[in-house]
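Below is one structure; the comments refer to it alone.
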Amino acid sequence: MPAGHLDAAGCNVPADRVLDAVVGHLRLERERGGYAAVPDLTEARTALAALVGAGPEDVAYLESGTAAMAALLGGWDLAPGSRVGVARTEYGGTVLLLRRLAARRGWRLVDLPVDGDARVDPDGLRSRLTAGLDLVVVSHLGSHHGVVQPAAELGALCRAAGVPFVLDVCQSLGQVEVRGIGASAYVGTSRKWLAGPRGAGFLIVPDLTPAMDAPAPTLGGHLLDEDPVPVRGVARYESSEGAIASRVGLGAAVREQHELGPALYAHLAGLGRTARDLLDGAGGWRVAEPLGEPSAIVTLRPPPGDPAEHAAARAAEASLLVNVVPTARAPLHLREPVLRVSPPPGTPEETLRTLARVLAR
Ligand SMILES: *Cc1c(COP(=O)(O)O)cnc(C)c1O
């Protein structure tokens, strides 16, 4: 791991094995020709789906989390007047997408109440469900704060009410436990906590219903010699052309995840706790989420006179990579940019101590 990398939530560091898998596949494509080097991704799909307790036939690869969410929601046949529950902590890209879909299709966005920690309130969801919802969209963890949403509880409430539940796992898969939630669909990305390569995102849809379809039909490859027939099942969402080497690399990254097992989640929660304890109060910076939150996404509110951009620049001078989260990342929640510190597994405590000194300067 490059020393000083504290931006796993932005773009994590792929392991050597992942890099080798990507480069190995690119070489194979050059040697054999891309279409002659098509990899069998069944095992990769099986391993990825297992992270949420689903099966290989539930997986569709796309190029990013944003593309996956757009394919899923953009293709969903919800009647005008349908009510979509979304919290104000939601990811900026999804807020934009839902606002556009609401404006064009007459969907109504219903605010899901959150508590003082910005955690979606299960009782609030229950009352919204009683009043009537047709779809619920929640980010398990946000890009802009480290609060882990009570996804299992929210999922159970939606299931009991017969309302589809879409869970954005872009920041949670590979960082916290995602099995046992029972969402209708999961939206994820490769390069964050799964530490896969860039250029791969995915949908996992255990509960495909007749109302769900891809916004554009796919031919499912270029090698068909019959009349075009739209692909069936979850594969309809998959872009047949894409960064195939990235999908291979993601497979290798997920295998590493399975080898590390749930101990990884405890390790990351511990790193988050250590980081918050060391950084809270340094130079007047304040941790935004509860100190003991079981995640390795740590966000810091600036003291007067030291904007996040300045602190990130000072960190860069000290060879530390941190992220400035702009308000657009969570436009209904963030009031000012925050500094995000997201240590990859194995980050030495000393790196976090160095950052505390940089903030205090
Ligand atoms: C990063 C992120 C996305 C979008 O994923 P991309 O691969 O960048 O398109 C969606 N939701 C959350 C919570 C994210 O952090």
Side-chain angles (χ1 to χ4, degrees), residues 6-12 14 48 52 59-74 86-101 112 114 118-120 136-151 154 165-176 178 181 183 185-204 237-239 242-243 246-247 249-250 253-254 268 272 288-289 293 295-299 322-334 337-342 344:
L6 294 171
D7 193 22
C11 197
N12 209 337
L48 178 62
V52 303
V59 173
Y61 291 110
L62 293 104
E63 76 265 26
S64 66
T66 304
M69 188 64 93
L72 180 71
L73 298 183
V86 60
R88 66 188 158 87
T89 49
E90 189 48 56
Y91 181 70
T94 302
V95 171
L96 286 182
L97 173 67
L98 281 172
R99 280 181 177 164
R100 171 188 284 188
L101 290 169
L112 301 178
V114 298
R119 214 180 300 277
V120 178
V136 171
V137 181
V138 170
S139 285
H140 199 179
L141 259 131
S143 165
H144 69 293
H145 69 167
V147 169
V148 184
Q149 297 295 345
L154 304 177
F165 178 57
V166 172
L167 189 64
D168 175 333
V169 294
C170 287
Q171 291 292 0
S172 62
L173 208 56
Q175 184 183 184
V176 300
V178 181
I181 292 172
Y186 302 84
V187 173
T189 199
S190 157
R191 73 185 185 283
K192 297 177 180 175
W193 298 95
L194 292 174
R198 296 184 62 182
F202 50 87
L203 269 176
I204 306 176
Y237 291 105
E238 186 160 301
S239 43
S246 286
R247 297 175 188 177
L250 172 59
V254 170
L268 286 170
E289 55 278 331
E293 194 68 22
S295 79
I297 294 180
V298 176
T299 59
V322 294
N323 186 264
V324 177
V325 181
T327 54
R329 208 77 70 71
L332 308 175
H333 186 217
L334 263 196
V338 292
L339 199 66
R340 186 183 65 196
V341 180
S342 54

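These figures come from a predicted structure and were not determined experimentally. Count residues from 1 along the sequence. For the numbers below, each heavy atom of this structure counts, side chains included, while hydrogens, waters and symmetry mates do not. Remember, it's 1-based here, ligands and their atoms both numbered in the order they're listed.
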Which of the numbered atoms in ligand 1 are below 4.0 angstrom from a heavy atom of [X]?
X      : result
Arg191 : 6 (P), 7 (O), 8 (O)
Cys170 : 2 (C), 3 (C), 5 (O), 10 (C), 11 (N), 12 (C), 14 (C)
Leu141 : 13 (C)
Thr66  : 4 (C), 5 (O), 6 (P), 9 (O)

Protein contact of [atom] - nearest heavy atom, named by residue and atom, plus distance:
atom                    : result
atom 14 (C) of ligand 1 : Lys192 NZ, 2.9 Å
atom 7 (O) of ligand 1  : Thr189 OG1, 2.7 Å
atom 10 (C) of ligand 1 : Asp168 OD2, 3.3 Å

Thr94 touching ligand 1 at heavy-atom level, < 4.0 angstrom | no

Sub-4.0 Å heavy-atom approach of His140 to ligand 1 = no

Give a yes or no on whether Arg119 atom CZ has more than 12 heavy-atom contacts from other residues, nucleotides or ligands under 6.0 Å away.
-> yes

Within the side chain of Ser246, is there an N or O that forms a donor-acceptor pair under 3.5 Å with the backbone of Arg198?
-> yes

Straight-line distance of Ile204 CD1 to Tyr61 OH, nearest 0.5 Å = 9.0 Å

So how far is it from Phe202 CZ to Thr189 OG1, rounded to the nearest 0.5 Å?
-> 7.0 Å

Residues Thr299 and Glu289: side-chain donor-acceptor under 3.5 angstrom = yes

Ser143 and Arg340 side chains, donor-acceptor separation under 3.5 Å = yes

Got a sec, which residues hit side chain to side chain contact (heavy atoms under 4.5 Å, CB included) with Ala87, two or more places apart in sequence or on another chain?
-> Thr89, Leu112, Val114, Val120

By ring pair (Phe, Tyr, Trp, His ring centres under 6.0 Å), which residues pair with His140, not counting sequence neighbours?
-> none

For ligand 1, find out whether one of its N or O atoms is nearer than 3.5 Å to an N or O atom of Gly65.
-> yes

Report yes if some N/O of Ser139 lies less than 3.5 Å from some N/O of ligand 1; otherwise report no.
-> no

